[in-house]
Number of protein chains: 2
Amino acid sequence: MRFEAITIKDIATALGLSTSTVSRALRDSHEISVETKKLVRAYAEEHNYRPNPIALSLKEKRSRSIGVVVCEIANSFFSQIINGIESIAYDRGYNVIISQSHESYKREVIDLNYLASRSIDGLLISVSMETTNFDHLKSLHNKGLPIVFFDRVVDEIDTHKVIIDNSTGAYNATVHLIENGFKRIANINISEHSFIAQGRLSGYKKALQDHNVPIDEKLIRYCEHGGQDYAELEREMDALFAQKKKPDAVFAGSDTMTMGILRYFKSRKMRIPEDIALVGFSNSENADLLQPALTVIKQPAFEMGKKATELLLKVIEAKRPDKDFENFVLPAELVVRESSERKK
Amino acid sequence: MRFEAITIKDIATALGLSTSTVSRALRDSHEISVETKKLVRAYAEEHNYRPNPIALSLKEKRSRSIGVVVCEIANSFFSQIINGIESIAYDRGYNVIISQSHESYKREVIDLNYLASRSIDGLLISVSMETTNFDHLKSLHNKGLPIVFFDRVVDEIDTHKVIIDNSTGAYNATVHLIENGFKRIANINISEHSFIAQGRLSGYKKALQDHNVPIDEKLIRYCEHGGQDYAELEREMDALFAQKKKPDAVFAGSDTMTMGILRYFKSRKMRIPEDIALVGFSNSENADLLQPALTVIKQPAFEMGKKATELLLKVIEAKRPDKDFENFVLPAELVVRESSERKK
DNA sequence: TTGTAGGCGTTATCAT
DNA sequence: ATGATAACGCCTACAA
């Protein structure tokens with residue numbers, strides 16, 4: 001409480017004690033008499049004393065706050081993760097400072113500099129789609145900043161990671177499409193270099209192989225900006241449907257892309273699932289209200305946020321650095337709805 | 001940069017100067033020789049010196065950060081506002097600390113205590129739906145904390161406010177329904193006591209009056225939890241449709257409620273707009289992809305965030321307290337789609 | 001032009 | 001059991 005905030009010094013003066021005595025009384029030190037403690041506590045209570053966290057940060061070189069970097073909080077998946085992060089952080093007395101990269105590498109670097117300069121005790125990050133150079137993260141990590149990656153992790157940095165089982169998620173979605181009679185299943189994925197895209201692609205391919213459906217590389221496309229840029233998505237979709245042998249189903253690699261593709265189909269008056277089926281990763285709360293109701297692969301976002309935060313706090317509060325890092329994998333769930341209904 | 005951070009003292013020692021000289025050189029004081037400045041700057045640059053914001057906060061009693069309290073970041077309206085807030089704040093060198101009340105009064109009080117103790121320089125808040133007692137805000141305001149309200153404002157506190165023209169938004173939506181042939185238009189609104197609900201209700205009523213449509217109080221209902229609680233919404237809807245003279249259109253007072261009502265209709269197999277038309281406040285990016293595509297009243301959320309932040313920074317950085325507060329009103333836009341199509 | 005000292009709020013260390 | 005002092009990193013009034 002910055003405004004007219006009462007300090008230890010104020011209490012000391014008022015009670016005719018020294019600041020150290022007051023400080024100790026407040027922290028219930030055994031070397032302070034019961035009476036003094038009572039006195040100090042009563043006064044502090046009455047005047048609503050709150051220790052100044054800024055001063056504490058300066059002294060303790062820790063801020064009891066953790067930084068979070070995501071691409072976009074307006075994305076359900078990430079806002080659900082943030083809720084998970086908060087649920088743990090607040091319980092443990094940590095503040096959460098949220099930054100958005102908006103999928104920009106440049107912005108991510110700025111965010112990180114900012115957070116680092118605010119003396120965050122640790123960092124939770126899902127890297128931007130544009131990020132291919134990880135020096136900014138390595139540098140912070142080398143300086144000893146505890147980092148836990150979630151969702152979009154960085155392989156080259158050795159620390160805890162919490163990810164989704166992208167491969168199995170993609171596998172199940174693809175199998176579902178195959179079993180419902182779809183044969184030419186396209187995969188529109190996020191940036192090719194990303195860890196996530198790789199996992200999703202591998203699950204997709206494995207499903208095709210396991211069911212003796214030939215893999216056609218022409219049915220696999222990437223959007224560098226992961227659907228944030230609708231024009232890019234449109235370009236890729238146009239290219240996909242310009243082919244002679246057109247797909248009869250599309251498997252989309254991210255929430256934004258799933259919505260974008262749905263928009264694309266509607267604007268082209270393509271009927272779903274009659275003309276084209278659609279399944280995509282999405283954590284939207286309203287996927288069931290869409291036209292058509294969307295079959296999605298849903299990720300345990302809240303759980304992911306919780307787990308990542310627990311791991312981070314473990315590192316932050318560890319007495320000695322632990323070199324034994326977890327790679328925690330959470331399952332994705334296939335929710336079947338109209339957009340992938342059995343082909344007649 | 002908490003980790004091995006270089007300080008002014010380090011620079012002073014390395015260069016054989018005093019900390020004050022270094023400090024002044026860094027701030028380009030006129031009383032430092034050009035040479036010394038150059039020397040200090042070069043060294044600082046080379047070692048990537050960054051002033052410690054914690055120390056600055058302690059000294060200056062300001063943190064260059066502003067607190068934001070919203071009910072839910074997962075709500076498009078609020079996440080868009082936050083993007084607006086950030087866009088201004090970062091430009092002006094302010095950090096944004098986001099807290100969610102989850103529509104809980106208790107949580108709002110906790111959030112506020114927390115933010116206040118973190119020495120925020122100012123507060124942007126849209127109060128929770130549960131909040132009817134404003135003492136926690138008054139107290140902070142009286143202590144001199146600059147506050148700007150947005151969207152859900154508190155009348156009794158005299159400061160800048162940025163709101164939507166709820167009345168005109170509701171008026172236009174209602175007129176649109178009337179002109180499309182709907183006669184029994186229900187209004188499901190958020191908490192009756194709220195400023196927002198009042199505005200929306202008055203616009204709705206005025207539209208009916210202006211078009212000689214009788215006002216039927218039985219068609220007006222409230223959800224205390226603003227649609228967050230689906231069971232409550234369901235109860236109100238059930239009551240609404242249990243009446244003899246059923247509505248032929250529903251005008252919904254918030255994003256969550258709009259989606260909830262859509263879900264309600266679908267679960268009851270009611271066709272939209274054939275059986276029942278629907279128009280609602282919503283900032284969802286995907287309202288056009290729903291079944292049916294939804295007619296919405298869209299609010300300039302990003303602009304709202306920007307404007308509120310500009311006003312707040314004006315107060316924060318004002319030399320002398322200004323008693324002349326703005327009540328900035330932004331227009332809402334009606335976006336017509338299928339869910340309110342003309343009645344045959 | 002540069003240096004010294006004190007203070008922002010707190011706590012740890014070392015007296016008393 | 002309590003107090004004085006120094007320190008965290010920075011800035012600034014005052015000295016030199």
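Chain naming here is simple, since letters A, B, ... match the order of the sequence lines and numbering starts at 1 in each.
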Measure from [atom1] on [X] to [atom2] on [N] and round the result to the nearest Å.
| X | N | atom1 | atom2 | value |
| --- | --- | --- | --- | --- |
| B/Ile32 | D/dT12 | CD1 | P | 12 Å |
| B/Leu58 | D/dC11 | CG | P | 12 Å |
| B/Lys9 | C/dA5 | NZ | P | 14 Å |
| B/Lys61 | D/dC10 | NZ | P | 19 Å |
| B/Ile11 | C/dT2 | CD1 | P | 15 Å |
| A/Ile8 | C/dC8 | CD1 | C1' | 13 Å |
| A/Leu26 | C/dG9 | CG | P | 15 Å |
| A/Leu56 | C/dC8 | CG | P | 16 Å |

Comparing B/Glu31 and B/Glu60 on DNA chain D - which has the more 5′ nearest nucleotide: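 Looking at the nearest nucleotide for each, B/Glu60 comes out on the 5' side.
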Residue that, paired with A/Cys71, satisfies side chain to side chain contact (heavy atoms under 4.5 Å, CB included) out of A/Glu108, A/Gln100, A/Arg152, A/Met129: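 Of all the options given, the one that passes is A/Arg152.
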Could you check whether the side chain of [X] and the base of [N] have a donor-acceptor pair of N or O atoms closer than 3.5 Å, going by distance alone?
| X | N | result |
| --- | --- | --- |
| B/Ser18 | C/dT2 | no |
| A/Ser33 | D/dA1 | no |
| B/Arg50 | D/dG9 | no |

Looking for any heavy atom pair under 4.0 Å, which part of the strands does [X] touch: base, sugar-phosphate only, or nothing?
| X | value |
| --- | --- |
| A/Ser57 | nothing |
| B/Arg24 | base |
| B/Ile54 | nothing |

Phosphate OP1/OP2 of C/dT10 contacted by A/Tyr49 side-chain N/O (<4.0 Å):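 So the side-chain polar atoms of A/Tyr49 do come within 4.0 Å of the phosphate oxygens OP1 or OP2 of C/dT10, strictly under.
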Residue pair A/Ser101 / A/Ser104, side-chain donor-acceptor N/O under 3.5 Å: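 Side-chain D/A pair, A/Ser101 to A/Ser104: absent.
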Check: A/Ser23/A/Ser20 side-chain N/O donor and acceptor closer than 3.5 Å: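 Note: A/Ser23 and A/Ser20 side chains miss the donor-acceptor criterion.
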Check ion pair B/Glu130-B/Lys106 (N to O, under 4.0 angstrom):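 Answer for the salt bridge query: no.
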Earlier contact from the 5' end, DNA chain C, for B/Ser20 and A/Lys59: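 That would be B/Ser20.
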Face-on cation placement of A/Arg107 at B/Tyr90 ring, 6.0 Å and 45° thresholds: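 Yes, a cation-pi geometry.
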